[in-house]
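For the numbers below, each heavy atom of this structure counts, side chains included, while hydrogens, waters and symmetry mates do not. None of these values were measured; they are calculated from a predicted model. Every chain is numbered from 1, with letters handed out A, B, ... down the list of sequences.
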There are 2 protein chains.
Amino acid sequence: MDNFQALFDYVQKLSGQTLSAEEKQVFIEHFKPKKIRKRQYFLQEGDVCKYTGFIVKGAAKTFTVDEKGHEHILKLSIENWWLADFESFYKLTPSRFNIEALEDMEILQITHNLVEEFIKPIPAFSAMQNVLSQNNTIATQKRMQSSISLTGEERFQELVNDYPHFLQRFPQNLIASYLGLTPETLSRIRKNALK
Amino acid sequence: MDNFQALFDYVQKLSGQTLSAEEKQVFIEHFKPKKIRKRQYFLQEGDVCKYTGFIVKGAAKTFTVDEKGHEHILKLSIENWWLADFESFYKLTPSRFNIEALEDMEILQITHNLVEEFIKPIPAFSAMQNVLSQNNTIATQKRMQSSISLTGEERFQELVNDYPHFLQRFPQNLIASYLGLTPETLSRIRKNALK
DNA sequence: AAAATAACTTGATCTTTGTCAAGCCTATTT
DNA sequence: AAATAGGCTTGACAAAGATCAAGTTATTTT
């Protein structure tokens, strides 16, 4: 179960606690390894997000499609992130989002019920959840602040500073969408920035 | 301690649990009632946010000021919300935000340490925190999605649907800033919408 | 290697939003 | 009652960003 090492490392790092052999066994028994091929959907708009998946390898985008057929990317997710539309996952309501693999992926997936029953009782896991929730609140707040107060060019600069590896990994049309810009506009912004 | 009833109701409602008399006493012993007058600051940019406050009465804005001196409102908070810059509150780092009372306020405030030591051990409280954190994740995600994919007019319409009481309660220049628009643009949007 | 697909760039033009300035209400405050 | 401040609106203009169309360069796929 080589896949699980990444998950154990992640839980232990974020929680600052160690997992016993028994606890690791609980993870192995309830998380299911799954492969998702590039362009395959993890979640389709209108479906309930029954699983959350820990990304061992690969990357995905979470997006909506508007009436004009344009994609808007809410999230870009890579290794050591949790894949899900949490609104749908928590409430079991139909999702407004699509989640699609951008590369071949390996994930460890689990349902909400199994998390609640078997995984949350593990202290390191619930400690991890608290830390994760704080980090998320902070990151989303920053992104929201940028969105209401910065220009496209400034938001791009911030992305370059905060997540430089995203630029290596994802094509610019996806980055543009994530920033709330068209690909054309981002192309021009980059051109102007080379002064 | 009439003030505390709002807090008890809130914790019980969100957690779906009841508070015993002893637990209520713990709240009363550690939360300090505080009045904040209109235009007074709860937090100044550069200071550490040492307290979080439960709003019993009144309203506040959380905002930054850019180099041109323009305000950008990240949050508008009213009764039954928690007042804080959570990044600063959790990490005890200097805040990038200001929080200022828009009306005379009554809050119940407490430090991070006291929450951790005395309040979090109360099961209803930590259950409330989990629910709150989920609600927050969902709401912020929705706002972010709107911000990258909708026009100003559409974002305004969404606000009208989701938080109609905000329009009654706050002047339009604050609403505009919250939406990432100038007051002039929002004024024109409203004018055009009356067709 | 050829074909097909996806990604990036550039130009021309249109739309949305911001900026600056002025005027008008409507509450406070004095 | 006069004065002041805060908030709303409108106009003229500027800037940022979107759209449409075309052409180019890379990557995959066959």
With a 3.5 Å cut-off and no angle check, do the side chains of [X] and [Y] form a donor-acceptor pair?
X	Y	value
A:Gln141	B:Asp85	yes
A:Asp9	A:Gln5	yes
B:Gln134	B:Thr137	no
A:Gln129	A:Ser126	no
A:Ser133	B:Ser133	yes

Pairs involving residues 137-164 of chain B, ordered by first then second residue, that meet ring pair (Phe, Tyr, Trp, His ring centres under 6.0 Å) (sequence neighbours left out):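 Non-adjacent pairs meeting ring pair (Phe, Tyr, Trp, His ring centres under 6.0 Å): B:Tyr163-B:Phe166.
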Summary of protein contacts for nucleotides 21-30 of chain D, nucleotide by nucleotide, where a base hit scores B, a sugar-phosphate-only hit scores S (4.0 Å, heavy atoms): --------S-
Please tabulate, one pair per line, each protein N/O and nucleotide N/O from nucleotides 14-17 of chain C that are separated by under 3.5 Å, including the distance.
unit_1 : atom_1 : unit_2   : atom_2 : d
C:dT17 : OP1    : B:Gly152 : N      : 2.8

Any B:Gln172 side-chain N or O less than 4.0 Å from OP1/OP2 of D:dG6: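 So the side chain of B:Gln172 is outside the cut-off, no N or O lying under 4.0 Å from OP1 or OP2 of D:dG6.
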Any B:Lys191 side-chain nitrogen or oxygen under 4.0 Å from OP1 or OP2 of D:dT10: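 For B:Lys191, the contact criterion (side-chain N or O under 4.0 Å from OP1 or OP2 of D:dT10) is met.
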Those residues of residues 61-79 of chain B lying under 4.0 Å from DNA chain C by at least one heavy atom: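 The stretch gives B:Lys68, B:His70 as the residues lying under 4.0 Å from the strand, ordered by number.
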Tell me the interatomic distance from [X], atom [atom1], to [N], atom [atom2], rounded to whole angstroms.
X	N	atom1	atom2	answer
A:Arg190	C:dT9	CZ	C1'	11 Å
A:Phe170	C:dC8	CZ	P	13 Å
B:Asn173	C:dG18	CG	C1'	16 Å
A:Leu186	C:dC8	CG	P	9 Å

A:Arg96/A:Glu87 salt bridge by N-O under 4.0 Å criterion: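 Looking at A:Glu87 and A:Arg96, the cut-off is met.
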Non-hydrogen atoms of A:Ile189 and A:Glu153 that approach each other most closely: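 Answer, listing the atom of A:Ile189 first, then A:Glu153: CD1-N, 3.7 Å.
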Residue from A:Val160, A:Leu181, A:Leu159, A:Ile73 passing side-chain contact (heavy atoms from CB on, under 4.5 Å) with A:Ile175: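 Exactly one option meets the side-chain contact (heavy atoms from CB on, under 4.5 Å) with A:Ile175, and it is A:Leu159.
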Any residue meeting ring-ring contact (aromatic ring centres under 6.0 Å, His included) with A:Phe63, in chain and number order, not counting sequence neighbours: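 Expected list: none.
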According to the interplanar angle, ranging from 0 to 90°, do the rings of [X] and [Y] count as parallel (below 30°), tilted (30 to 60°) or perpendicular (above 60°)?
X	Y	value
B:Trp82	B:Phe31	tilted
B:Tyr10	B:Phe54	tilted
B:Phe27	B:Phe8	perpendicular

Axis-to-axis angle between the two ends of the helix from C:dA1-D:dT30 to C:dT30-D:dA1 (five base pairs per end, rounded to 10 degrees):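 It comes to 50° between the two terminal axes.
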